[in-house]
Amino acid sequence: MERTPIHRLREFIGQKVTVQGWLQTLRDQKKMQFLIIRDRTGLVQVAFWKANDPALAERISTLGTESAVTITGTVIDNEIVKLNGLEIQLESLEIVNAAEAPVPFEPFGDSLPSIDFRLDWRYLDLRRAENLLLFTVQTTVEQAMREYWLQHDFMEIHSPKIMGTPSESGAELFEVAYFERKAYLAQSPQFYKQMAMAAGFERVFEIGPVFRADPSFTSRHMTEFTGVDMEMSWIDSHEDVMAFTERWIQYVYQVVKDKHGDEIREKLGVEIKVPTVPFPRISMHDAYVVLKQVGYALPPEKKGDLDPGGERAMADYVKKTYDHDFFFLIDWPITVRPFYHMRHADRPDLTKSFDLIAGGLEIATGAQREHRPDILLQQAFEKGLHQEPIQFYLDFFRYGCPSHGGFGLGLSRFMMVMLGINNIRETVYIFRGPTRLNP
RNA sequence: GGGGGCGUGGUGUAGUGGCUAACAUGCGGCCCUGUCAAGGCCGAGACCGCGGGUUCGAACCCCGUCGCUCCCGCCA
């Protein structure tokens, strides 16, 4: 018999149905048993008169909560039932996979264990409605991102995650044994998406894993995460990249709001607010002026950069001044940016780059790239890089490479901001950190 | 790498020098004419992360250690 999802049961009043799901609650009384069954779409009460089949009643009595079961029965409209005013009168039940009792923790209890304990039992944690929603929304987010890109003539690429040479700094690379040699896990698809520009693809995107060997113990860092990257050709400046980015984000927010806005409000208490464009743009120079005005003292060693507190202070300022949750922090000094960022022609000390700050959190970094090989090489030397390891990259710019730029964005950070969740471990399917390799 | 905080039944907490370690939830048993955040009664379950010290006496104070967590650095 075909399975009926719980949220459609009302269409089957008076009919016999099969429901498959998890036993969330069992109320075992003298004459009757009530089972609350949950599937991905909702909850339903199942009622059973023990006298109808004492053997079955006995089996039900032994069921642990969270057991996976298949039940069949007749759907009854019953206004006495508080759960959606309907119930299933049980005819048969198959235990697909019994849950041991007790369960390590109660996913539907009043209080939740610490994040660390829940990560040990992540699959149970993921059964919670909030998590089901989060990853449903993430699916929509990625779909909307792709839709917008495809509507604007982007191509999807998949670049390798095993690299032969440390690309940028080398400090945060994981080393792996590669037959007789060493190899490295990619900490960004940066060079390869730029190669697509040299290849004449003109506009590309990639959603894929990136690895950072940073021993960071914060609520917003991971050693492996999903990077959302794009690169576009024939641009005049980083402004072209920002103009695309803000509309792309606006589109994603709109799709999520249309599709899940009510459920997000209901389950997470968050109102999805579609941002207006353009997002405010604030130069690093102006940010320093603002921070001085609002009395935020940056650590003295910060030269041309902001600390996380400074970013949050700027986010507050932008919220008050422009009523906006996003802003671009632009024109970063060359000292704090990588060698491949293009510099302003009239200000060789400033890069044509930006960070996207959302809700006070750094969620993306972008720039126009330097595509002129002689200047690029010179900038690499200035940063103390050696030519040989990056020669393959420098070669991209030798035989006709258009001007280009793009950004890299952290998917889980994006989800944190969109859904107002303050720990990245909650927004990633399975967390990887310096001391977390399981599950 | 630096700093702060926290480690008490399965889980979440209380207890901060006299503890026979408390409460909630979960678990087991019994009871209950349809429950619905079900309810009632009974029960099992922690030697208080680990090691050392102070003290007549330590879950509680001190030192070390491990784990977790948050912040800074770094960044998406």
Side-chain angles (χ1 to χ4, degrees), chain A residues 24-36 43-51 61-62 64-66 76 78-87 89 99-121 124-125 168-169 171-172 187-190 207 209-229 298-299 301-302 305-312 336-338 355-358 361-366 407-417 422-425 427-428 433-436:
Chain A
Q24 185 156 326
T25 304
L26 171 63
R27 299 191 190 105
D28 199 346
Q29 302 191 103
K30 181 148 191 162
K31 294 186 177 173
M32 294 195 68
Q33 287 166 326
F34 296 95
L35 301 80
I36 306 299
L43 297 168
V44 66
Q45 171 165 299
V46 177
F48 184 59
W49 278 266
K50 290 172 146 182
S61 290
T62 66
T65 53
E66 293 303 312
I76 303 293
N78 186 347
E79 62 185 24
I80 291 171
V81 179
K82 292 184 179 173
L83 191 58
N84 300 325
L86 61 77
E87 70 182 2
Q89 295 191 340
E100 295 173 31
V103 178
F105 74 98
E106 296 112 67
F108 302 93
D110 292 334
S111 60
L112 286 173
S114 67
I115 181 70
D116 192 55
F117 187 85
R118 282 185 288 125
L119 292 184
D120 285 340
W121 294 97
L124 294 176
D125 191 40
E168 299 177 36
S169 62
E172 53 188 24
Q187 87 278 49
S188 141
Q190 184 59 40
I207 299 177
V210 297
F211 305 89
R212 303 280 166 92
D214 281 326
S216 291
F217 296 89
T218 75
S219 55
R220 60 186 186 280
H221 285 89
M222 304 189 274
T223 50
E224 174 179 353
F225 62 93
T226 301
V228 178
D229 276 84
L298 277 164
E301 71 274 15
K302 285 281 174 188
D305 199 351
L306 296 187
D307 62 338
E311 284 170 356
R312 289 190 288 268
V336 293
R337 289 306 217 194
D355 269 15
L356 175 60
I357 314 289
L361 183 66
E362 207 172 308
I363 64 167
T365 297
F407 68 77
L409 172 144
L411 180 62
S412 295
R413 285 194 178 181
F414 187 83
M415 297 306 296
M416 284 173 78
V417 170
N422 57 28
N423 192 324
I424 203 161
R425 288 164 222 193
T427 64
V428 67
T435 60
R436 170 65 71 173

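Lettering of chains follows the sequences in order, A, B, ..., and the numbering in each one begins at 1.
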**Student:** Can you confirm whether A:Phe225 sits close enough to A:Arg413 that some side-chain heavy atom of one is under 4.5 Å from a side-chain heavy atom of the other?
**Tutor:**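 No, their side chains stay 4.5 Å or more apart.
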
**Student:** Which base, if any, makes a Watson-Crick or G-U wobble pair with B:rC50, both distances under 3.5 Å?
**Tutor:**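 Pairing partner: B:rG64.
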
**Student:** Would you mind classifying the nucleic acid contact of A:Ala47 as base, sugar-phosphate or nothing, using non-hydrogen atoms under 4.0 angstrom?
**Tutor:**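 Nothing, no nucleic acid heavy atom in range.
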
**Student:** Classify A:Asn78 by what it touches in the nucleic acid, base, sugar-phosphate, or nothing, heavy-atom distance under 4.0 Å.
**Tutor:**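 Since a base atom lies under 4.0 Å of A:Asn78, the category is base.
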
**Student:** Within a strict 4.5 Å, meaning less than it, do heavy atoms of the A:Pro434 and A:Thr223 side chains meet?
**Tutor:**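 Answer yes - side chains close enough.
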
**Student:** Please compare A:Asn423 and A:Asp305 by the position of their nearest nucleotide in RNA chain B and report the one closer to 5'.
**Tutor:**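 The residue mapped nearer the 5' terminus is A:Asn423.
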
**Student:** Determine the Euclidean distance between corresponding P atoms of B:rA59 and B:rU33; express it in Å to zero decimal places.
**Tutor:**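 Looking at atom P only, B:rU33 and B:rA59 are 48 Å apart.
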
**Student:** Looking at A:Pro113, is its backbone amide N or carbonyl O close enough to the side chain of A:Arg118 to form a donor-acceptor pair, meaning the two atoms are under 3.5 Å apart?
**Tutor:**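 Indeed, once roles are kept as given, a pair shorter than 3.5 Å links the two residues.
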
**Student:** What is the distance from atom CG of A:Asp229 to atom CG of A:Leu411, rounded to the nearest 0.5 Å?
**Tutor:**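 Answer for the CG-CG pair, A:Asp229 versus A:Leu411, is 11.5 Å.
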
**Student:** To the nearest angstrom, how far is A:Asp28 atom CG from B:rG40 atom P?
**Tutor:**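 So the CG-P distance, A:Asp28 to B:rG40, works out to 17 Å.
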
**Student:** Could you tell me how far apart A:Leu83 (CG) and B:rA38 (C1') are, to the nearest whole angstrom?
**Tutor:**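 It is 14 Å, rounded to the nearest whole Å.
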
**Student:** Within the structure shown, what part of the strands sits under 4.0 Å from A:Leu411 by heavy-atom distance: base, sugar-phosphate, or nothing?
**Tutor:**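 Result for A:Leu411 = nothing.
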
**Student:** Ignoring hydrogens and angles, answer whether the base of B:rG34 and the side-chain atoms of A:Gln29 contain a donor-acceptor pair closer than 3.5 Å.
**Tutor:**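 Side chain to base: no pair present.
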
**Student:** If you only use heavy atoms from C-beta on, which nucleotide in B:rC68, B:rC72, B:rA37 is closest to the side chain of A:Thr435?
**Tutor:**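 Nearest listed nucleotide: B:rC68.
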
**Student:** Give one of base, sugar-phosphate or nothing for A:Phe414, where a contact means two heavy atoms less than 4.0 Å apart.
**Tutor:**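 It contacts nothing in the nucleic acid.
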
**Student:** Out of B:rC71, B:rU25, B:rA76, which nucleotide sits closest to the side chain of A:Ser219?
**Tutor:**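 Comparing B:rC71, B:rU25, B:rA76 against the side chain of A:Ser219, the answer is B:rC71.
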
**Student:** Is there a Watson-Crick or G-U wobble partner for B:rG43 with both distances under 3.5 Å, and if so, which one is it?
**Tutor:**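 Base partner found: B:rC27.
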
**Student:** Please give, in whole Å, the distance from B:rC74 P to A:Glu362 CD?
**Tutor:**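 Whole-Å distance recorded here is 10 Å.
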
**Student:** Whole-Å distance between B:rC36 P and A:Ile76 CD1?
**Tutor:**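 Atom-to-atom, A:Ile76 to B:rC36, this comes out as 21 Å.
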
**Student:** Does a distance-only test, which skips hydrogens and angles, find a donor-acceptor pair under 3.5 Å between the side chain of A:Thr65 and the base of B:rG26?
**Tutor:**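 Not at all, since no donor on one side and acceptor on the other fall under 3.5 Å apart.
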
**Student:** Both distances under 3.5 Å, Watson-Crick or G-U wobble: report the partner of B:rG1, or none.
**Tutor:**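 Paired with B:rG1, as far as the under-3.5 Å criterion goes, is B:rC72.
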
**Student:** Is any side-chain N or O of A:Lys30 closer than 4.0 Å to OP1 or OP2 of B:rC32?
**Tutor:**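 True: A:Lys30 side-chain N/O within range (under 4.0 Å) of B:rC32 OP1/OP2.
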
**Student:** For atom C1', what is the distance between B:rU8 and B:rA22, given to the nearest Å?
**Tutor:**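 Rounded to whole Å, the distance is 11 Å.
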
**Student:** Roughly how far, to the nearest 0.5 Å, is OG1 of A:Thr427 from CZ of A:Arg220?
**Tutor:**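 Spacing of CZ (A:Arg220) from OG1 (A:Thr427) equals 13.0 Å.
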
**Student:** Using atom P of each nucleotide, how far apart are B:rG34 and B:rC70 to the nearest Å?
**Tutor:**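 Rounded to whole Å, the distance is 46 Å.
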
**Student:** Base of B:rU35, side chain of A:Gln45 - is there a donor-acceptor contact under 3.5 Å?
**Tutor:**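 Such a pair exists between side chain and base.
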
**Student:** Considering only the C1' atoms, how many Å lie between B:rG73 and B:rG1, rounded to the nearest integer?
**Tutor:**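 Straight-line distance between the two C1' atoms is 8 Å.
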
**Student:** Quick check on B:rC72: is either OP1 or OP2 less than 4.0 Å from any side-chain nitrogen or oxygen of A:Arg220?
**Tutor:**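 So the side chain of A:Arg220 is within the cut-off, an N or O lying under 4.0 Å from OP1 or OP2 of B:rC72.
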
**Student:** Looking only at atom C1', what distance separates B:rC48 and B:rU13, rounded to whole Å?
**Tutor:**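 Pairwise C1' distance, B:rC48 against B:rU13, rounds to 13 Å.
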
**Student:** Measuring only the P atom in each nucleotide, how far is B:rA21 from B:rC47? A whole number of Å is fine.
**Tutor:**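 Taking atom P in both B:rA21 and B:rC47, they lie 11 Å apart.
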
**Student:** Rounded off to whole Å, could you give me the CZ-to-C1' distance for the A:Phe34 and B:rC32 pair?
**Tutor:**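 Whole-Å distance recorded here is 12 Å.
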
**Student:** Would you kindly compare A:Arg425 and A:Gly64 by the position of their nearest RNA chain B nucleotide and give the one closer to the 5′ end?
**Tutor:**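 First, find each residue's nearest nucleotide; the 5'-ward one identifies A:Gly64.
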
**Student:** Could one point to a donor on the side chain of A:Thr218 or the base of B:rC70 with an acceptor on the other under 3.5 Å away?
**Tutor:**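 When only heavy-atom distances are counted, A:Thr218 does not reach the base of B:rC70 through any donor-acceptor pair under 3.5 Å.
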
**Student:** Spell out yes or no: do the side chain of A:Glu87 and the base of B:rG34 have one donor N/O and one acceptor N/O closer than 3.5 Å?
**Tutor:**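 Counting by modelled atom types and ignoring angles, a donor-acceptor contact under 3.5 Å is found here.
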
**Student:** Quick test of your reading of the model: are A:Lys50 and A:Asp28 salt-bridged, counting only N-O distances below 4.0 Å?
**Tutor:**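 Result for this pair is yes, salt bridge flagged.
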
**Student:** How many whole angstroms separate atom NE2 of A:His221 from atom P of B:rU69?
**Tutor:**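 So the NE2-P distance, A:His221 to B:rU69, works out to 15 Å.
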
**Student:** Without decimals, in angstroms, what is the distance between A:Glu172 CD and B:rC74 P?
**Tutor:**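 Spelled out: CD on A:Glu172 to P on B:rC74 is 12 Å.
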
**Student:** Give A:Thr226 one of three labels, base, sugar-phosphate or nothing, depending on what nucleic acid heavy atoms sit under 4.0 Å from its own.
**Tutor:**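 No contact.
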
**Student:** With rounding to whole Å, what would you report as the distance between B:rC74 and B:rC27 at their P atoms?
**Tutor:**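 Nearest-Å result for B:rC74 against B:rC27 at atom P: 49 Å.
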
**Student:** Look at A:Arg312 and B:rC72 and indicate whether a side-chain polar atom (N or O) is within less than 4.0 Å of OP1 or OP2.
**Tutor:**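 A:Arg312 to B:rC72 OP1/OP2: side-chain N or O found under 4.0 Å.
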
**Student:** Can you tell me the distance, in whole Å, between the CZ atom of A:Phe105 and the P atom of B:rG12?
**Tutor:**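 The answer, rounded to whole Å, is 10 Å.
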
**Student:** Under a 3.5 Å cut-off for both distances, is B:rU55 Watson-Crick or wobble paired, and to whom?
**Tutor:**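 Its partner is none (no Watson-Crick or G-U wobble pair with both distances under 3.5 Å).
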
**Student:** Check whether any side-chain heavy atom of A:Ile80 sits under 4.5 Å from a side-chain heavy atom of A:Glu87, and report yes or no.
**Tutor:**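 In short, these two side chains do not touch, never coming nearer than 4.5 Å.
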
**Student:** From the list B:rG26, B:rC75, B:rG10, which nucleotide is the closest neighbour of the side chain of A:Arg413?
**Tutor:**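 Of the options given, the side chain of A:Arg413 lies nearest B:rC75.
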
**Student:** Please work out if A:Gly227 contacts a base, only the sugar-phosphate, or nothing of the nucleic acid, heavy-atom cut-off 4.0 Å.
**Tutor:**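 The residue A:Gly227 makes no contact with any strand.
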
**Student:** With P as the reference atom in both, quote the distance from B:rA44 to B:rG39 in angstrom, rounded to an integer.
**Tutor:**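 After rounding to an integer number of Å, I get 22 Å for this pair.
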
**Student:** So does A:Arg436 pair up with A:Asp120, basic N to acidic O under 4.0 Å?
**Tutor:**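 So A:Arg436 pairs with A:Asp120 through a salt bridge.
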
**Student:** Please give the nucleotide sitting opposite B:rA22 as a Watson-Crick or G-U wobble pair, both distances under 3.5 Å, or none.
**Tutor:**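 Here B:rA22 is engaged in a pair, and the nucleotide opposite it is B:rU13.
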
